[in-house]
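The next block holds one structure in the form of structure tokens; read it before the comments.
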Number of protein chains: 2
Amino acid sequence: MPNHSLPTLEDVAREAQVSTATVSRSLNSPDNVAAKTLERVQAAVQKLGYSPNFGARALAAKRTNTIGAVIPTMENAIFARGLQAFQETISRNGSTLLVASSSYLRELEEEQIRNLVARGADAILLIGEDRSEEIYEFLKKRGIPYVLAWNYRPNSSHCFVGFDNRAAIKNLARKVLDLGHVTIGMIAGLTQENDRARDRVLGVREALAEYNIPGENFHVIETSYDFTNAGDALELLLEKKPKPTAIICGNDILAVGAVKQAKALGLRVPEDISITGFDDIEVSSIIEPPLTTVHIPHRKMGKIAAECLLAMRKNQVLSKSIKLNPFIVERGSLSKPGE
Amino acid sequence: MPNHSLPTLEDVAREAQVSTATVSRSLNSPDNVAAKTLERVQAAVQKLGYSPNFGARALAAKRTNTIGAVIPTMENAIFARGLQAFQETISRNGSTLLVASSSYLRELEEEQIRNLVARGADAILLIGEDRSEEIYEFLKKRGIPYVLAWNYRPNSSHCFVGFDNRAAIKNLARKVLDLGHVTIGMIAGLTQENDRARDRVLGVREALAEYNIPGENFHVIETSYDFTNAGDALELLLEKKPKPTAIICGNDILAVGAVKQAKALGLRVPEDISITGFDDIEVSSIIEPPLTTVHIPHRKMGKIAAECLLAMRKNQVLSKSIKLNPFIVERGSLSKPGE
DNA sequence: TTGAGAAATGCAAGCGCTTGCATTTTTTCC
DNA sequence: GGAAAAAATGCAAGCGCTTGCATTTCTCAA
């Protein structure tokens, strides 16, 4: 709790022998203040150790210079990295980041969004598109600009700064199929309430359709993003008939879990089984064999999302969606079947 | 920017046919309001879609229910994990997290601290102890409680919630020495302006002294936390005479970089060279061989730090420091020399 | 030197909420 | 049933800052 009596604008005004209005202007639009006055005010600020009261400022100016973000979890490196870049960018622009996490729970996420808005966030970063219509209405009604990151959906009306999950993994799946795999397993993230995970499954299915792979040659298991779960899922997939020769994973974490488990089962990767990842986080090049995966420019995404939000807040214009381009990184966990 | 005319307390008061004071109380201390009245107010709030104005509230109540944290970077998994737990805890207590990062730069960090305070943070989480006396003075003067995490120093006057880096790595070093290693290399983090990194070097030195290892048998190279740098550092260390048989790393990231490089150089780990880590982040059990490292309870630390801060804010009492206990995790990257 | 226009400054009205104190209503207990 | 205590409510004074508008001061051309 702030100490009893911190200096106020008025104290500074008295010290500098000007009005509070002038002090305020010296702080917020120094260009409109005479050089000499400005100097006096600054000296007074310095002397008194003055720092504006946040609440008062927010109340009077109707803006907080605070930008909110609700992400599923900071523990996943992809969000941590993107958020870091996001934070750096808004910080450089004089704003501050207000963070909340949803643990991938839709209800909790909506609560957090309302919370951030109530806390005065004047723009918000959200992950993906899946959430109730009401919450979008709410944001619209309050005039809070928002950007959806980590996905990009061509036909949506929202402003995205992200990449097309569906298309990205589709390309990877094509590459798998081109190598001759005809029975495929997929370890996906939980698709309910998660458009990114869903789009990734969709992308793989589309590729399979293109190559006329029959349904019985494709099996999907959904699981939360966790090494151990991925290992279990791998075992389940290996029991399917016909047995898959390639496992496409919803992200690198699942892929790492699968690779570990495959090795534990005495299988060679990729000779006995190919495994692919998604995201290209650090572990993907540390595990043996390193993962063939899809690289996502997380930092870049965070930075651009921040710039977008900053611009939207300023101009009150809905910004256009921005699509980033992921690309496949070939490392070694994918090869021809039965090689 | 908030829409032109959101409902205010007064609107709710009118709708519910009570005074604004009663509405305010209904929101903040419902126990002091008659059940019937409360009901009427809540109905009005619902009907109008009212949500209190943050600035006004902060101004009038002199507290924001916002807690700040300045961490070096979210990209390092250890901070991400701790911060996630920290956030969850304060969120559960009705507060929100304001985040800034310092990129390990002292000046930037102090700027960020002032920034968070100006933004109304009513308590702050800081990493480690290294910073100017002025900034501590500043915090004290403003009456902002703070907690230092990720380290614990027995003789400091600050409130820590962390672990004793020096003691923890000292134990690990002892274990290395017990195995018979007599020439040691260390890849440390940059120790300037970073008490954790410094304490870790210190801990190793102390262990060496205990075992009477002469100075020329110990070489330290400092580098920023980065895989590639660690690899370079390893090469440099291997050129030293006498050549080290064990490399103690300042954290897991450095250790992973060292292991990768060692393998690239055709060395077997641990047969040809032992390498140890610190932190026990996920990669340490994914790399081959998995790292022998020191486990730090990051999540627990984040949670406790949050609870501490919450309590300090409430009671206006300086909390006692809390010391967490790291422990060594033996995995496979450390063995007897020349085995 | 003077006067018009531009630049700088001051005045004062809020911004929407909390809270101490005063007042009214309800409850309790003889 | 009534007085005293307790509970609920209302009144209104701020909290510290921004900003539109009015006023003063400065600048510069004639």
Parallel, tilted or perpendicular: rings of Tyr104(B) and Tyr225(B) (30°, 60°): perpendicular
Between Lys62(B) and Asp122(B), is the closest basic N to carboxylate O distance under 4.0 Å? no
Round to a whole Å and report the spacing from NZ of Lys62(A) to P of dG16(D). 19 Å
Taking only N and O in the side chain of Ser24(A), is any of them less than 4.0 Å away from OP1 or OP2 of dT18(D)? yes
Are Arg114(A) and Phe138(A) in a cation-pi setup, meaning NZ or CZ lies under 6.0 angstrom from the ring centre and within 45 degrees of the ring axis? yes
Quickly work out the Asn53(A) CG to dG14(D) C1' distance and round it to whole Å. 13 Å
I want to confirm an ordering. Mapping Arg57(A) and Thr20(B) to their closest nucleotides on DNA chain D, which one lands closer to the 5' end? Thr20(B)
Does one side chain, of Ser156(B) or Glu129(B), offer a donor that lies under 3.5 Å from an acceptor on the other? yes
Check whether any side-chain N or O of Asn28(A) sits under 4.0 Å from OP1 or OP2 of dT18(D), and answer yes or no. yes
Verify whether one side chain among Glu110(A) and Ser132(A) offers a donor that lies under 3.5 Å from an acceptor in the other. yes
How many whole angstroms separate atom CD of Glu10(A) from atom C1' of dT18(D)? 14 Å
Counting C-beta onward and ignoring hydrogens, is there a side-chain heavy-atom pair between Leu126(B) and Glu109(B) closer than 4.5 Å? yes
Could you write out each protein N or O paired with an N or O of nucleotides 7-9 of chain C at a distance under 3.5 Å?
unit_1, atom_1, unit_2, atom_2, d
dT9(C), OP1, Thr37(A), OG1, 2.0
dT9(C), OP2, Ala34(A), N, 2.9

Between P on dG16(D) and CG on Leu48(A), what's the gap in Å once rounded to a whole number? 14 Å
When the distance from CG of Leu59(B) to P of dA13(D) is rounded to whole Å, what number comes out? 17 Å
